[in-house]
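These notes concern the structure reproduced below.
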Protein chains: 2
Amino acid sequence: MVASTAVRHDVDAIDRRILAELQRDARMSIQDLSSRVGLSASPCARRVRNLEQSGLIRGYTVVIDEPLMGFPISVFVSVKLDHQIDDRLRSFELAVRKFPEVTDCWLMTGDRDYLLRIAVSDLIEFEHFLTGKLTKVEGVASLESSIPIRRVKENSARLE
Amino acid sequence: MVASTAVRHDVDAIDRRILAELQRDARMSIQDLSSRVGLSASPCARRVRNLEQSGLIRGYTVVIDEPLMGFPISVFVSVKLDHQIDDRLRSFELAVRKFPEVTDCWLMTGDRDYLLRIAVSDLIEFEHFLTGKLTKVEGVASLESSIPIRRVKENSARLE
DNA sequence: GTTGAAAACACTGGAGA
DNA sequence: TCTCCAGTGTTTTCAAC
């Protein structure tokens with residue numbers, strides 16, 4: 001019996017190099033990309049298409065300088081909900097997805113916790129976000145914030 | 001006195017829409033992009049170039065499905081160093097940048113802490129990473145791991 | 001995997017609103 | 001600063017090999 005429903009894609013060494021190059025610069029032309037990975041354009045384009053269709057490449061995005069964008073401060077916030085009911089989780093996640101301040105959100109194991117990264121212009125705005133928005137979401141029981149100084153490494157995904 | 005050394009870029013509403021569209025699909029052609037933001041191609045290309053040159057657009061990257069890539073498990077690790085000496089920080093950061101398992105790393109305020117996200121194929125590999133690599137980095141005093149169940153929101157940067 | 005030709009696209013510069 | 005347009009070179013796509 002064949003289990004998989006999606007088209008499986010065997011990622012070989014060239015695919016890895018394609019992904020690494022696209023991680024570095026996703027707007028590179030297929031021509032440039034092909035010469036960097038030692039292929040001609042047609043098979044390179046085909047590989048990229050296959051990587052997209054297999055779902056391994058989920059998309060392409062722009063890398064924005066958050067400080068220049070007006071949001072130099074990040075804050076990590078641990079959120080604890082008062083009940084781990086599916087409905088509560090859903091409504092919390094819905095709210096979080098709507099808040100533009102929230103850049104990342106993970107549901108953690110253990111103690112009905114979420115881990116959020118918040119991007120703000122300053123701590124005043126963060127205060128307003130906490131009191132005016134986050135604590136008003138139904139089910140939020142407690143919060144714990146920690147502030148990073150600096151981002152040391154930033155890779156969208158592990159490749160090797 | 002004019003303070004800024006770099007070229008300042010006033011981000012207007014159209015620029016924001018350009019950034020939002022590129023965040024959705026960074027490989028979109030300028031033609032597509034221009035019609036989506038209600039501009040013709042030439043000024044749209046100029047705006048993108050300006051956003052790149054002002055540093056607001058730092059680059060473009062591919063969004064990879066980490067589970068399909070073979071790394072379905074993420075772990076957040078808090079690392080405490082035994083001395084907050086600049087030299088120790090530097091060597092720790094150098095090591096972290098070299099480990100492919102580490103996708104993100106933040107230097108936190110407070111207690112000489114780093115926050116890392118690790119991507120692994122399973123918990124066995126995570127164990128090996130901890131014992132074989134991370135704890136062997138000079139200056140690492142203590143570790144605390146927490147495991148997420150699921151990613152709820154994933155935005156490379158705040159835009160609004 | 002390669003080559004090559006047609007179609008789509010990007011870039012430039014100039015005229016006019 | 002935008003639109004529109006034309007000219008040029010590049011890039012993508014797709015067939016045939």
Side-chain angles (χ1 to χ4, degrees), chain A residues 2 4 6-65 68-70 156-157 159-160, chain B residues 2-65 68-70 156-157 159-160:
Chain A
V2 178
S4 161
V7 182
R8 254 267 167 279
H9 189 93
D10 243 4
V11 181
D12 65 10
I14 296 179
D15 286 331
R16 278 173 209 281
R17 294 185 56 192
I18 287 175
L19 292 172
E21 290 296 333
L22 287 177
Q23 195 173 51
R24 229 183 23 83
D25 177 13
R27 268 185 86 83
M28 182 181 333
S29 72
I30 296 287
Q31 286 199 166
D32 273 8
L33 182 60
S34 64
S35 68
R36 281 170 190 280
V37 304
L39 239 56
S40 57
S42 308
C44 183
R46 205 177 333 168
R47 276 169 182 271
V48 171
R49 201 177 335 112
N50 288 343
L51 288 166
E52 287 168 359
Q53 284 174 355
S54 68
L56 222 132
I57 289 180
R58 287 175 42 204
Y60 306 92
T61 194
V62 62
V63 183
I64 288 165
D65 189 302
L68 282 183
M69 195 66 203
S156 44
L159 286 184
E160 35 158 337
Chain B
V2 178
S4 159
T5 57
V7 183
R8 253 268 169 278
H9 188 94
D10 245 3
V11 181
D12 65 11
I14 296 179
D15 286 330
R16 278 173 209 282
R17 294 187 57 193
I18 287 175
L19 292 172
E21 290 295 335
L22 287 177
Q23 195 172 53
R24 230 185 21 84
D25 176 13
R27 269 184 86 81
M28 182 181 334
S29 73
I30 295 289
Q31 287 197 166
D32 273 8
L33 182 60
S34 63
S35 67
R36 281 170 189 280
V37 304
L39 240 55
S40 58
S42 315
C44 182
R46 198 183 331 149
R47 277 168 183 270
V48 172
R49 201 181 331 116
N50 288 342
L51 288 166
E52 288 169 357
Q53 284 174 354
S54 68
L56 223 132
I57 290 180
R58 286 174 42 205
Y60 305 92
T61 195
V62 62
V63 183
I64 288 165
D65 189 302
L68 282 183
M69 195 67 203
S156 44
L159 286 183
E160 33 159 337

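Values below: every heavy atom of this structure, side chains too, minus hydrogens, waters and symmetry copies. In what follows, chains are A, B, ... by sequence order, proteins preceding strands, each numbered from 1. Because the structure is predicted, anything quoted here is derived from the model rather than measured.
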Q: Map A/Arg46 and A/Gln31 onto DNA chain D by nearest heavy atom, then report which one ends up closer to the 5' terminus.
A: A/Gln31

Q. Given side chains that start at C-beta, do those of A/Ile30 and A/Arg49 come closer than 4.5 Å, heavy atoms only?
A. no

Q) So where does chain A start and stop touching DNA chain C, 5' to 3', when the test is distance under 4.0 Å to a non-hydrogen atom? A) C/dG1 to C/dG4

Q) If you look at every heavy atom in B/Ser156 and B/Gln23, which pair is closest and at what distance? A) OG-NE2, 3.2 Å

Q. So do A/Val11 and A/Arg16 actually touch side chain to side chain, heavy atoms under 4.5 Å?
A. yes

Q.
Using side-chain heavy atoms (C-beta onward) and a distance below 4.5 Å, is A/Leu22 in contact with A/Ile57?
A. yes

**Q.** For the student: nearest non-hydrogen atoms of B/Tyr60 and B/Val48, plus distance
**A.** OH-CG1, 3.6 Å

Q. Toward the 5' end of DNA chain C, which comes first, A/Ser42 or A/Arg27, by nearest nucleotide?
A. A/Ser42

Q. Using rotation axes that map the C1' atoms of four end pairs onto the next four (five pairs an end), what angle separates the end axes of the helix from C/dG1-D/dC17 to C/dA17-D/dT1, to 10°?
A. 30°

**Q.** Atom of B/Met28, atom of B/Glu21 and distance for their closest heavy-atom approach
**A.** CE-O, 3.6 Å

Q) So do the side chains of A/Leu19 and A/Leu56 get within less than 4.5 Å of each other, counting heavy atoms only? A) yes

Q) About how many Å separate CD1 of A/Ile18 and CG of A/Leu39, when rounded to the nearest 0.5 Å? A) 6.5 Å

Q) If you look at every heavy atom in B/Leu68 and A/Ser54, which pair is closest and at what distance? A) CD1-O, 3.5 Å

Q | Considering all heavy atoms, the nearest A/Val37-A/Cys44 contact | A | CG2-SG, 4.4 Å

Q: At the 4.0 Å heavy-atom cut-off to chain A, mark where contacts on DNA chain D begin and end, going 5' to 3'.
A: D/dT11 to D/dC14

